[in-house]
Engineer: 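Below are the structure tokens for one structure; questions will follow.
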Amino acid sequence: YSFFPGTPRWPRSRRDLTYAFEPRNQLTDDVKRVFTNAFARWSEWTPLTFTESNNYNTADLKIGFYGGNHGDGEDFDGVLGTLAHAFAPPRGLLHLDSDETWIIDDVFASGSPSAMDLESVAVHEIGHLLGLGHSSVEDAIMFPTISSGIRKVELARDDVEGIQVLYGTNPDSNSTTGPSFGEREMSGAH
Amino acid sequence: HFFPNVSSIPPSLLPNITAGAWDSFNNLSGCHLGQKVPGISKLKNYFHYFGYIGNISKNFTDDYDDALETAVKNYQLNFNLNATGELDESTVKQILKPRCGVADIVNGSSTMNSGKAASMTGHTVAH
């Protein structure tokens, strides 16, 4: 695991974070639910909580789909290439490329070379929102690349160790080690 | 474009979504230090974007120079590939994969593999 320069993180006074979706995207509940699941992957291991807010302007974390030049100096490049990006704390911006073909349910029966699993990318980008950089551990969520048709949503030990350096463990977890790494969900057609 | 599964993607959309943004890098497989090949400048932009080449100049040439070789080596270290500095097939295959737009090396430092290797050889301090 790695951190951004200066190891930015959400302060102790802001551990119950709110998130909201770009209103102009008019996302369906099915799409929003993907992000709810993705946030839960991180809250499972940390004291952080994530609650959806209807107020985009005041939310800690702002999620939106954009194409090409969308005003932050980090243009998207169309199909494939860069899929998404997010900014370190406390900016809280998570942007996804609206030109991609996003699969929100079942990615396993892949017949398209460019369909990307939305939850896999969302879990990765939330890691950046929380302060993690990229990892060289291939199994880790924070590994920078993901192939089309792949679903990779469970945190690896490397991810958990990194995020717990920043925020500590989940006080509500029943065990000292947290959920098992033995039943990881990572599969796909490729 | 959101779809519940792949089979729900309209066939009319499929032919338009098979060409990736970096497919042209396929033509650079086998390139190495000292060569001048059309398309190298675009690859340098790629490495610049992800933090492997510094912000000296963004008017990159098509020369496979020392800066690019170093960038390729660091990339190979970060992605657990043989650190040869050459654009071998496995390196190009990795470069072509879709990825997060956040840089691997921020402000010249990284705690991915390349940063650790540099730290061990005394070139930089990891933290």
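The sequence lines fix the lettering, A, B, ..., with proteins before strands; numbering per chain opens at 1. Below, all heavy atoms of this structure are taken into account, side chains as well, without hydrogens, waters or symmetry copies.
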Engineer: Let me know if A:P144 has heavy atoms under 4.5 Å from chain B in its side chain, its backbone, both or neither.
Structural biologist: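 Both parts, heavy atoms under 4.5 Å.
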Engineer: Any side-chain heavy atom of B:N107 within less than 4.5 Å of one from A:F4?
Structural biologist: no
Engineer: Could you look at A:Y1 and say if it's the side chain, the backbone, both or neither that has a heavy atom under 4.5 Å from chain B?
Structural biologist: backbone
Engineer: Can you confirm whether B:N82 is buried at CG, in the sense that more than 12 heavy atoms of other residues, nucleotides or ligands lie under 6.0 Å from that atom?
Structural biologist: no
Engineer: Near A:N55 CG, under 6.0 Å, is it more than 12 heavy atoms from other residues, nucleotides or ligands?
Structural biologist: yes
Engineer: About how many Å separate CG of B:D104 and OG1 of A:T145, when rounded to the nearest 0.5 Å?
Structural biologist: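 Going from OG1 on A:T145 over to CG on B:D104, the span is 9.0 Å.
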Engineer: With chain B, which of A:E125, A:H134, A:H124, A:E100 has the greatest number of heavy-atom pairs at distances under 4.5 Å?
Structural biologist: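 Heavy-atom pairs under 4.5 Å are most numerous for A:H134.
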Engineer: Should we count NZ of B:K93 as having more than 12 external heavy atoms under 6.0 Å?
Structural biologist: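 No, the 6.0 Å shell around NZ holds no more than 12 heavy atoms from other groups.
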Engineer: Taking side chain as everything from C-beta outward and backbone as N, CA, C, O, which of these in A:A88 sits under 4.5 Å from a heavy atom of chain B? Side chain, backbone, both or neither.
Structural biologist: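 Contact with chain B: none, neither part.
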Engineer: If every non-hydrogen atom of B:M112 is compared with every non-hydrogen atom of A:S136, which pair is closest and at what distance?
Structural biologist: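 Closest approach of B:M112 to A:S136: CB-OG, 3.4 Å.
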Engineer: Heavy-atom distances under 4.5 Å only: say whether B:N80 touches chain A with side chain, backbone, both or neither.
Structural biologist: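 Side chain only.
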Engineer: Restricting to non-hydrogen atoms, name the atom on A:P5 and the atom on B:S109 that form the minimum distance, rounded to 0.1 Å.
Structural biologist: CG-OG, 4.4 Å
Engineer: Could you see if A:L129 belongs to whatever hydrophobic cluster contains A:L166? Use Ile, Leu, Val, Met, Phe, Trp, Tyr and a side-chain cutoff under 4.5 Å.
Structural biologist: yes
Engineer: Flag yes if A:L93 and A:I63 sit in one hydrophobic cluster, no otherwise; membership is Ile, Leu, Val, Met, Phe, Trp, Tyr, and two members link when side-chain heavy atoms are under 4.5 Å apart.
Structural biologist: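 No, A:L93 does not connect to A:I63 through the hydrophobic network.
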Engineer: Going only through I, L, V, M, F, W and Y residues with side-chain contacts under 4.5 Å, is there a path from B:F47 to B:V106?
Structural biologist: no
Engineer: Linking I/L/V/M/F/W/Y whenever their side-chain heavy atoms sit closer than 4.5 Å, directly or via other members, would A:Y66 and A:L27 fall into one cluster?
Structural biologist: no
Engineer: Side chain, backbone, both or neither: which part of A:F87 has a heavy atom under 4.5 Å from chain B?
Structural biologist: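 For A:F87, there is no contact with chain B at all, as no heavy atom is under 4.5 Å.
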Engineer: Is it the side chain or the backbone of A:D77 that comes within 4.5 Å of chain B heavy atoms, both, or neither?
Structural biologist: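 Answer is both: backbone and side chain atoms of A:D77 are under 4.5 Å from chain B.
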Engineer: Can you tell me how far apart CD1 (A:I146) and CZ (B:R99) are? Round to the nearest 0.5 Å.
Structural biologist: 13.0 Å
Engineer: Measuring from B:W22:CH2 to A:T82:OG1, what's the distance to the nearest 0.5 Å?
Structural biologist: 5.5 Å
Engineer: With only heavy atoms counted, which part of A:N25 is less than 4.5 Å from chain B, the side chain, the backbone, both or neither?
Structural biologist: neither
Engineer: For B:F50, is it the side chain, the backbone, both, or neither that has a heavy atom closer than 4.5 Å to a heavy atom of chain A?
Structural biologist: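 Just the side chain, heavy atoms under 4.5 Å.
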Engineer: Membership question, hydrophobic clusters at under 4.5 Å side-chain separation (ILVMFWY): are B:V102 and B:Y46 in the same one?
Structural biologist: no
